[in-house]
Protein chains: 2
Amino acid sequence: MAQKIKLSTIADALGVSTATVSLALRDSPLVAEATKERIKAHARQMGYIYNRRAASLRTSKSGIIGVVVHDIMNPFYGEILKAIETELDRSRHTFLLSNHYDNVEKQRDFLDTLLQLGADGVIMSPAIGTPLDDIDLVLRNGLPVVLIARSIPRARLPVFRGDDAFGTGLATKHLISLGHKRIAMIGGTDDTSTGRDRFQGYLQAMEKAELPVKPEWRIPGPRTKQAGFEAASEFLALPDKPTAAVCWNDLVAIGMMNGIRRAGLVPGIDISITGYDDLEEAAIATPALTTVWNGQPEVGRRAARALLDRIDGVKDQSGTLELIRPELHIRQSTSPVKERN
Amino acid sequence: MAQKIKLSTIADALGVSTATVSLALRDSPLVAEATKERIKAHARQMGYIYNRRAASLRTSKSGIIGVVVHDIMNPFYGEILKAIETELDRSRHTFLLSNHYDNVEKQRDFLDTLLQLGADGVIMSPAIGTPLDDIDLVLRNGLPVVLIARSIPRARLPVFRGDDAFGTGLATKHLISLGHKRIAMIGGTDDTSTGRDRFQGYLQAMEKAELPVKPEWRIPGPRTKQAGFEAASEFLALPDKPTAAVCWNDLVAIGMMNGIRRAGLVPGIDISITGYDDLEEAAIATPALTTVWNGQPEVGRRAARALLDRIDGVKDQSGTLELIRPELHIRQSTSPVKERN
DNA sequence: CTGAAAGCGCTTACAG
DNA sequence: CTGAAAGCGCTTACAG
């Protein structure tokens with residue numbers, strides 16, 4: 001590997017100062033056009049590599065934005081990340097990604113790394129049980145935070161997420177309108193705002209229709225395809241078996257449809273199923289999944305925009321809560337009730 | 001936000017030098033135990049944040065390892081990433097992730113960022129058409145590179161991937177052993193080593209069994225569920241319709257099974273299907289997918305290990321090619337041929 | 001339009 | 001075991 005080229009190498013070679021080279025490479029109007037061209041050409045030819053650590057040490061801006069979510073392999077987050085990536089690319093920020101797997105320690109390590117690297121901001125879907133102290137530490141050190149998908153109780157932070165109660169309400173009412181009376185709610189946890197809200201939306205819709213809700217009809221827990229698949233047998237063994245299920249998300253719904261089919265029943269005909277999120281996969285599942293669009297691209301885009309605005313000092317909207325309004329997408333996994341004994 | 005705490009703040013407060021503080025915080029044996037404790041306690045109490053850019057500027061180590069793949073939303077890469085993450089966490093490296101979407105420019109931008117940040121190494125599944133020059137630039141600047149999943153022709157780099165030709169050979173032979181004679185190969189591109197190898201494995205198995213291969217039976221392109229779903233109708237419209245399909249990967253296979261079911265046929269009975277990769281999802285698809293295990297955890301683990309060894313100067317194994325031996329996992333999506341019409 | 005100089009916050013020889 | 005000093009490679013007032 002050749003001798004390291006730095007600003008002073010170029011400055012010396014061309015007989016100018018490092019200040020001029022620095023300015024020229026960043027296209028400053030302070031440098032004469034001809035000088036600029038000469039410097040840029042030489043830098044290119046020498047294979048000069050800009051040292052961002054040095055610049056960052058001096059300016060205390062790093063161009064790094066951190067993003068932490070539960071698990072990037074979950075397509076729900078994947079779809080949000082794609083939107084964030086698109087926004088950040090446009091602003092030439094580098095984004096540093098991490099999973100916390102709902103492990104508060106792991107999340108804290110990552111936030112620490114961001115602080116050490118002098119990150120410009122962080123977008124996070126907070127781990128279950130994130131203490132306010134962890135957020136305070138970050139804010140005290142001047143790192144702006146924007147939340148996605150989940151809120152943290154009592155934290156004054158901008159948050160972008162869907163209106164979960166409204167969403168499961170839509171799904172539940174849809175099933176009720178198809179004549180279903182015994183409707184289960186499968187998956188999710190009451191440890192997150194999302195979990196509580198989705199369950200509430202279902203409960204309220206049932207109550208409003210004056211339909212009874214048996215405690216056994218709530219099978220909490222499942223959040224993945226695998227878990228949804230396993231929950232199918234539990235569901236099918238329920239006494240006074242429900243004819244429909246509102247699922248926590250599309251993954252659980254798709255897993256459950258697979259499980260139902262394995263048991264010899266036809267999902268969408270024998271049992272109606274709704275999902276949540278409207279992942280790309282929902283439309284090509286068989287039967288195509290009736291689900292609630294949860295605005296992933298909107299969440300990602302707006303969160304990234306809000307953070308960038310904040311970094312650029314455009315505005316400080318701490319405490320903003322933007323609920324994206326979900327939409328019901330009706331497909332083939334729900335159909336009029338067909339009473340079976 | 002409070003005054004920034006730095007080494008000298010602590011040094012001044014305790015009446016020692018910054019050198020001592022620096023050493024103490026890194027637990028150097030050069031500092032007396034009592035002094036160390038005093039310094040650490042004070043640092044903790046003051047909320048000191050280590051400035052990694054400053055340290056990195058001085059030491060020219062950053063603790064950052066870059067990882068670029070085609071698309072992290074693809075669970076094949078997701079499963080590899082999980083293994084890499086586990087290895088790197090252990091060594092306290094931060095990993096910087098990016099998708100290149102097979103866009104050479106985007107990949108180059110990312111490599112550039114890594115160079116600017118003084119990354120310690122990079123693990124990449126190179127974009128289609130990656131020029132040797134891009135790799136040379138990175139190597140010339142002292143950044144070690146390890147490849148996963150795909151090779152770059154003529155690049156002397158360690159690469160970790162599955163033995164693709166052997167793998168599709170396994171799948172094809174399995175179908176032949178079930179009596180299938182007309183077997184299609186769906187998806188993948190001949191623009192990557194992987195694509196060429198998988199097609200070759202299929203071809204060779206067919207030839208060895210003296211079965212004819214019609215050009216129409218090769219439907220190149222699909223690599224996602226969506227595309228596999230769409231390819232189903234193309235497949236079903238084939239003249240002299242095949243009774244089985246070797247699919248590029250599990251995503252294509254699962255998409256195709258959905259498409260076949262939509263057309264009123266039963267995948268696994270009417271048409272036998274094989275996947276590739278053995279994603280977690282393969283086992284819970286319905287029917288459960290017969291597929292080829294492609295060693296994602298092994299690929300990730302070994303690639304990370306190799307890079308870390310390289311960084312620690314343990315060894316330089318440029319040119320190593322580690323082919324992980326695939327295994328056939330037989331499930332319900334393949335069954336003895338049942339001639340129709 | 002250009003240059004000389006200071007400083008960002010660390011770590012590393014070197015001296016004691 | 002501890003300290004004084006130099007230097008990593010930039011950028012930013014400031015002066016001209």
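In the text below, chain A, chain B and the rest are named by the order of the sequence lines, each starting its count at 1.
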**Message:** I need the residues from residues 29-40 of chain B with at least one non-hydrogen atom less than 4.0 Å from DNA chain D; give them sorted by number, or say none.
**Reply:** B:Pro29, B:Leu30, B:Val31, B:Ala32, B:Thr35

**Prompt:** Looking across every strand, which nucleic acid part, if any, lies under 4.0 Å from A:Gly15 by heavy atom: base, sugar-phosphate, or nothing?
**Reply:** sugar-phosphate

**Item:** C:dG3 phosphate, OP1 or OP2, under 4.0 Å from A:Thr20 side-chain N/O
**Value:** yes

**Asked** Given Watson-Crick or G-U pairs with both distances under 3.5 Å, what dot-bracket string fits DNA chain D, with | for other-strand pairs and [ ] for crossing?
**Response** |||.||||||||.|||

**Request:** For residues 55-76 of chain A, pull every pair meeting salt bridge (charged side-chain N to carboxylate O under 4.0 Å, His left out), keeping only residues two or more places apart or in separate chains.
**Result:** A:Asp71-B:Lys82

Hey, is [X] close enough to [Y] for a salt bridge, meaning N to O under 4.0 Å?
| X | Y | answer |
| --- | --- | --- |
| A:Lys106 | B:Glu85 | yes |
| A:Asp112 | A:Arg108 | no |
| B:Asp133 | B:Arg140 | no |

**Request:** Test B:Asp120 against B:Arg310 for salt bridge (Lys or Arg N to Asp or Glu O under 4.0 Å), laying out the working first.
**Result:** CA-CA 10 Å; B:Asp120 295 338; B:Arg310 178 71 190 293; over 6 Å; no

**Asked** Do you know which two heavy atoms are closest between B:Asp102 and B:Arg150, and how far apart they sit?
**Response** OD1-NH1, 2.8 Å

**Asked** Under a 4.5 Å cut-off applied to non-hydrogen side-chain atoms, are B:Val299 and B:Gln296 in contact?
**Response** no

**Contact check, side chains of A:Val68 and A:Ser125, non-hydrogen atoms, under 4.5 Å** = no

Side chains of residues 41-50 of chain A: which donor-acceptor partners sit under 3.5 Å, not counting sequence neighbours?
none

**Request:** Assign a letter to each nucleotide of nucleotides 7-16 of chain D from its 5' end: B, base within under 4.0 Å of a protein heavy atom; S, sugar-phosphate only; -, no contact.
**Result:** BBBBBB----

**Message:** Tell me every residue that passes side-chain hydrogen bond (donor to acceptor under 3.5 Å, both in side chains) with B:Glu298, counting only those two or more places apart in sequence or in another chain.
**Reply:** B:Arg301, B:Arg302

